[in-house]
There are 2 protein chains.
Amino acid sequence: MTPVARPFSHAIDRLRAVWLRPTRQRLALAKLLFDGCDRHISAEQLHGAALAANIRVSLATVYNTLHQFTEAGLLREIVVDAGRSYFDTNVSLHHHYFYEKSGQLVDLSGDMIHMEGIPLHSPDGRRVSRVDVIVRVDG
Amino acid sequence: MTPVARPFSHAIDRLRAVWLRPTRQRLALAKLLFDGCDRHISAEQLHGAALAANIRVSLATVYNTLHQFTEAGLLREIVVDAGRSYFDTNVSLHHHYFYEKSGQLVDLSGDMIHMEGIPLHSPDGRRVSRVDVIVRVDG
DNA sequence: CGCTAGTCTGTAATCGTTCTTATTTAAGAG
DNA sequence: CTCTTAAATAAGAACGATTACAGACTAGCG
């Protein structure tokens with residue numbers, strides 16, 4: 001209930017906060033993405049969802065928007081496969097199960113796994129931007 | 001020094017051990033891959049290396065061979081980017097730094113990071129096939 | 001309203017990878 | 001050594017996800 005926990009209930013406020021012009025397309029996509037549920041969605045899936053909701057938006061714009069949101073910290077990109085990446089609306093610290101067969105991605109709470117010894121810098125002193133843990137499941 | 005630590009010094013023995021016919025192409029690629037150094041190599045890079053070494057082999061065969069070796073446990077596939085995957089000749093337990101800018105992959109010794117709480121099964125009881133940890137570095 | 005930088009569209013291009021089909025080859029039998 | 005056959009390879013077409021491009025559109029401002 002603190003302002004930090006749920007800072008921007010409205011899509012337009014989220015966009016303003018990260019200095020992205022609230023255009024029709026970005027607003028519509030933001031509303032689809034940030035509806036309160038955590039999502040793991042691909043660009044194609046979001047494009048499909050937009051069309052299904054009668055929002056005319058090109059696939060190129062979906063890609064642009066997803067990358068802009070990711071850069072702004074509203075989304076986190078998760079690469080599971082050569083040639084498949086998902087965008088996660090939950091940007092808090094957590095990890096993932098990945099079901100190789102179905103391609104499904106499932107959250108693994110961040111405090112379930114304790115990691116020690118993870119470096120904050122690379123061997124040559126550069127900053128670690130993030131640590132991805134993917135638990136791969138056969139079935 | 002135990003037989004297990006360095007079981008197959010010769011490429012041909014490695015192939016026999018995993019029931020892959022030692023064809024000219026597979027032998028040549030195995031020699032390039034398992035020369036004693038740990039490598040993180042992409043299919044294109046290996047193809048280039050083969051051509052440079054005057055080994056005529058098609059890209060399709062390089063892909064087939066890499067996947068067969070991976071399935072046989074001689075290699076480990078590491079996906080870092082949508083549309084880029086590397087094959088690691090070091091199949092022992094360890095993790096990786098990934099330099100986003102250069103695309104370089106660097107080993108992170110397995111016992112540097114201690115992880116606790118990593119599940120052996122998925123929430124619905126399926127076996128975890130492996131856990132990938134990628135420490136992403138900006139520069 | 002009119003201007004301008006930023007954004008969007010539709011399509012073509014690109015990239016890494018996989019598929020397909022004809023050809024070649026390893027390896028065992030005779 | 002030759003024959004036979006299943007397995008492996010070559011070459012390029014096909015593929016799917018993503019990116020690039022050039023022109024049209026629009027938000028925000030005066």
Side-chain angles (χ1 to χ4, degrees), chain A residues 11-32 40-51 54-72 74-75 77-87 98 100 103 105, chain B residues 11-32 40-51 54-72 74-75 77-87 98 100 103 105:
Chain A
I12 197 165
D13 298 324
R14 284 189 185 249
L15 294 186
R16 290 225 173 94
V18 296
W19 293 97
L20 287 173
R21 265 204 217 166
T23 64
R24 211 162 0 86
Q25 292 85 342
R26 290 212 269 240
L27 272 171
L29 294 177
K31 277 178 192 155
L32 285 177
H40 306 106
I41 200 166
S42 71
E44 300 270 2
Q45 285 167 354
L46 181 57
H47 187 226
L51 296 186
N54 244 325
I55 301 159
R56 284 217 331 295
V57 63
S58 76
L59 184 55
T61 298
V62 172
Y63 273 102
N64 285 337
T65 303
L66 285 173
H67 288 142
Q68 289 155 355
F69 284 9
T70 300
E71 206 152 328
L74 300 179
L75 292 175
E77 188 173 0
I78 300 157
V79 178
V80 285
D81 241 337
R84 217 173 356 168
S85 76
Y86 289 101
F87 294 84
F98 177 62
E100 310 259 15
L105 211 50
Chain B
I12 197 165
D13 299 323
R14 283 188 184 249
L15 294 186
R16 290 226 173 93
V18 297
W19 293 97
L20 288 173
R21 268 206 219 165
T23 63
R24 211 164 358 90
Q25 292 85 342
R26 290 210 270 238
L27 272 172
L29 294 178
K31 277 177 192 154
L32 284 177
H40 305 106
I41 199 167
S42 71
E44 300 270 2
Q45 284 167 356
L46 182 58
H47 187 226
L51 297 186
N54 244 325
I55 301 159
R56 285 216 333 292
V57 62
S58 75
L59 184 56
T61 298
V62 172
Y63 273 103
N64 284 339
T65 303
L66 285 172
H67 287 144
Q68 289 155 355
F69 284 9
T70 300
E71 206 153 330
L74 300 180
L75 292 175
E77 189 172 1
I78 300 157
V79 179
V80 286
D81 240 336
R84 217 171 358 166
S85 76
Y86 288 102
F87 294 85
F98 177 61
E100 310 259 13
L105 211 50

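Note: hydrogens, waters and symmetry copies are ignored here, and every other heavy atom, side chains too, is used. Each chain gets a letter, A, B and so on, in the order its sequence line appears, and its residues count up from 1. Since we're looking at a predicted model, the values are computed, not measured.
Contact check, A:S85 against D:dT18: a side-chain N or O comes under 4.0 Å of OP1 or OP2. The side chain of B:H67 places no N or O atom within less than 4.0 Å of a non-bridging phosphate oxygen (OP1 or OP2) of C:dT17. Dashed line: the shortest gap from a side-chain N or O of B:Y63 to OP1 or OP2 of C:dT17 is under 4.0 Å. OP1 or OP2 of D:dA8 lies within a sub-4.0 Å distance of a side-chain N or O belonging to B:R26. Regarding contacts with the backbone of C:dT9, a side-chain N or O of A:Q25 is found under 4.0 angstrom from either OP1 or OP2. Contact between the side-chain N/O atoms of A:R24 and the OP1/OP2 oxygens of D:dT26 is found at a separation under 4.0 Å. Between B:T61 and the phosphate of D:dT9, there is no side-chain N or O to OP1/OP2 separation shorter than 4.0 Å.
Checked options B:L75, B:V80, B:D81, B:I41; the residue passing with B:Y86 is B:V80 (criterion: side chain to side chain contact (heavy atoms under 4.5 Å, CB included)).
Rounded to an integer number of Å, the gap from CG of B:L20 to P of D:dT9 is 9 Å. Note: CH2 (A:W19) to P (D:dG28) measures 12 Å, nearest angstrom. Spacing between atom CG of B:L59 and atom P of D:dA13 amounts to 14 Å, rounded to whole angstrom units. Straight-line distance from the CD atom of B:E71 to the P atom of D:dA8: 12 Å, rounded to whole Å. The distance between atom CG of B:L46 and atom P of C:dG16, rounded to the nearest whole Å, is 15 Å. One interatomic measurement links the two molecules: CZ of B:R84 to C1' of D:dT19, which rounds to 14 Å at whole-angstrom precision. The CG atom of B:D81 sits 17 Å away from the P atom of D:dA17 (whole-angstrom rounding). Regarding A:F69, its CZ atom lies at a distance of 13 Å from the C1' atom of C:dT7, rounded to whole Å.
Of the inter-residue distances, the one linking B:Q45 atom CD with B:F87 atom CZ reads 11.5 Å to the nearest 0.5 angstrom. Considering CD1 of B:I55 and NE2 of B:H47, their distance stands at 10.5 Å, rounded to 0.5 Å.
The heavy-atom pair separating B:H40 from B:I78 by the smallest distance is CD2-CD1, 4.4 Å. The nearest pair of heavy atoms linking B:A30 to B:A11 is CB-CB, 3.8 Å.
Here the side chain of B:P22 is nearest to one of C:dT9, C:dG6, C:dA27, namely C:dA27. Comparing C:dT9, C:dC8, D:dG28 by their closest approach to the side chain of A:R21 singles out D:dG28. For A:A82, whose side chain is taken as the heavy atoms from C-beta onward, the closest listed nucleotide among C:dT17, D:dA17, C:dT7 is C:dT17. If you check C:dT7, C:dT17, C:dG10 against the side chain of A:A60, the one that comes closest is C:dG10.
For the pair A:R16 and A:E77, nearest-nucleotide mapping onto DNA chain D gives the more 5' position to A:E77.
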